[in-house]
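In what follows, a structure is listed as structure tokens, so that the remarks can point back to it.
Keep in mind the model is a prediction, meaning the values are calculated, not measured.
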Amino acid sequence: MRIKFQQNLDELKERLLVMAGLVEQAIQRSTEAYSTRDTGLCEMVLRSEPAINRMEREIDQAALDLLAMEQPMAVDLRFIIAVIRINADLERVGDQAVNIAQRVQDLGMFANVDVPVDIPKLASLSSAMVRKALQAFIEGDADLAQSVLALDDQVDEMNSAAFKSLSTLIGQRPEMTPQALNALIISRNLERVGDHATNIAEDVIFWVRGADVRHGAIAEEE
């Protein structure tokens, strides 16, 4: 029975990583669409959303079935709880990708102008956070997960700077308001991606160490 249970845990992990791959692809496509104004990429992102949502439901159900049937303890229980939480955050990262794609579609109606925010850099940093958090999950590496938390401040600072510079632009160049507002929303979406990556990293720490580090709390299991 124990061997079968471990196989089920491994399968759950694999399914989550497949979903993670779809989500990472969606974010990459949506941010590339912003840089290239390629609405074809936007359509690919929008078409991928139902598959991501379906996988979220399937993974949740599989995790809940394991909880109900096996009544796991300690580290296995924490692993399944972490999978459920990470699953939800990945689905929300997918939602952010959809939001970005929709904003890029809106931008297609306006002139392509330079705005004072480095969206590709912000996208690169937030995407790197997601990749690093998932790598920590794959390897069960709490130290790697901890390093993700430090990156969140950089993303927040870039988003704050974007808000200030784009607000100033709207005041000085009202005719660029649509482009500035869309860039502002995309910046906010990417900041949220960083938040979800932070959540994933915190869930890895919870699984591996039995420590709840959300909201600055630390509560370790013996």
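Annotation: the span from N53 atom CG to L22 atom CG amounts to 11.0 Å, rounded to 0.5 Å. The structure places CD of E91 at 13.0 Å from CZ of R54, a figure rounded to the nearest 0.5 Å. Of the inter-residue distances, the one linking R57 atom CZ with I52 atom CD1 reads 12.0 Å to the nearest 0.5 angstrom.
For the 3.5 Å distance criterion, the side chains of Q28 and E32 qualify, holding a donor opposite an acceptor. Of the N and O atoms on the side chains of Q61 and D65, at least one donor lies less than 3.5 Å from an acceptor on the other residue. In summary, the side chains of R37 and N112 do present a donor paired with an acceptor at a separation below 3.5 Å, with no hydrogens or angles considered. Side-chain atoms of Q7 and E11 include no donor-acceptor pair closer than 3.5 Å.
You'll find the side chain of L77 stays beyond 4.5 Å of the side chain of M73, heavy atoms only. Here the side chains of L17 and I138 are in contact, with some heavy-atom distance below 4.5 Å. Side-chain atoms of V93 and D89, non-hydrogen and from C-beta on, never get closer than 4.5 Å to each other.
The pair D106-R103 counts as a salt bridge, with a side-chain nitrogen and a carboxylate oxygen less than 4.0 angstrom apart. A salt bridge between R209 and D143 is present, with a side-chain N of the basic residue lying under 4.0 Å from a carboxylate O of the acidic one.
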Pairs of donor and acceptor atoms involving the side chains of residues 147-156, under 3.5 Å and at least two apart or interchain, shall be tabulated with distances.
unit_1: S147; atom_1: OG; unit_2: L144; atom_2: O; d: 2.5

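Between the S187 side chain and the A183 main chain, no donor and acceptor come within less than 3.5 Å of each other.
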| field | Verdict with reasoning, D141 to V204, per side chain to side chain contact (heavy atoms under 4.5 Å, CB included) | value | CA-CA 8 Å; D141 188 337; V204 172; over 6 Å; no
| task | Would you sort out whether I81 and F206 count as a side chain to side chain contact (heavy atoms under 4.5 Å, CB included), showing the intermediate values? | result | CA-CA 9 Å; I81 292 171; F206 165 74; 3.9 Å; yes
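Under the side-chain contact (heavy atoms from CB on, under 4.5 Å) test applied with M176, the options L181, L169, L166 reduce to a single match, L169. With F163 as the partner, the side-chain contact (heavy atoms from CB on, under 4.5 Å) test is satisfied by one option alone out of T168, L184, V117: L184.
For D195, the salt bridge (charged side-chain N to carboxylate O under 4.0 Å, His left out) criterion is met by R192, not counting sequence neighbours.
The cationic atom of K132 (NZ for Lys, CZ for Arg) does not lie both less than 6.0 Å from the six-membered ring centre of F137 and within 45° of the ring axis.
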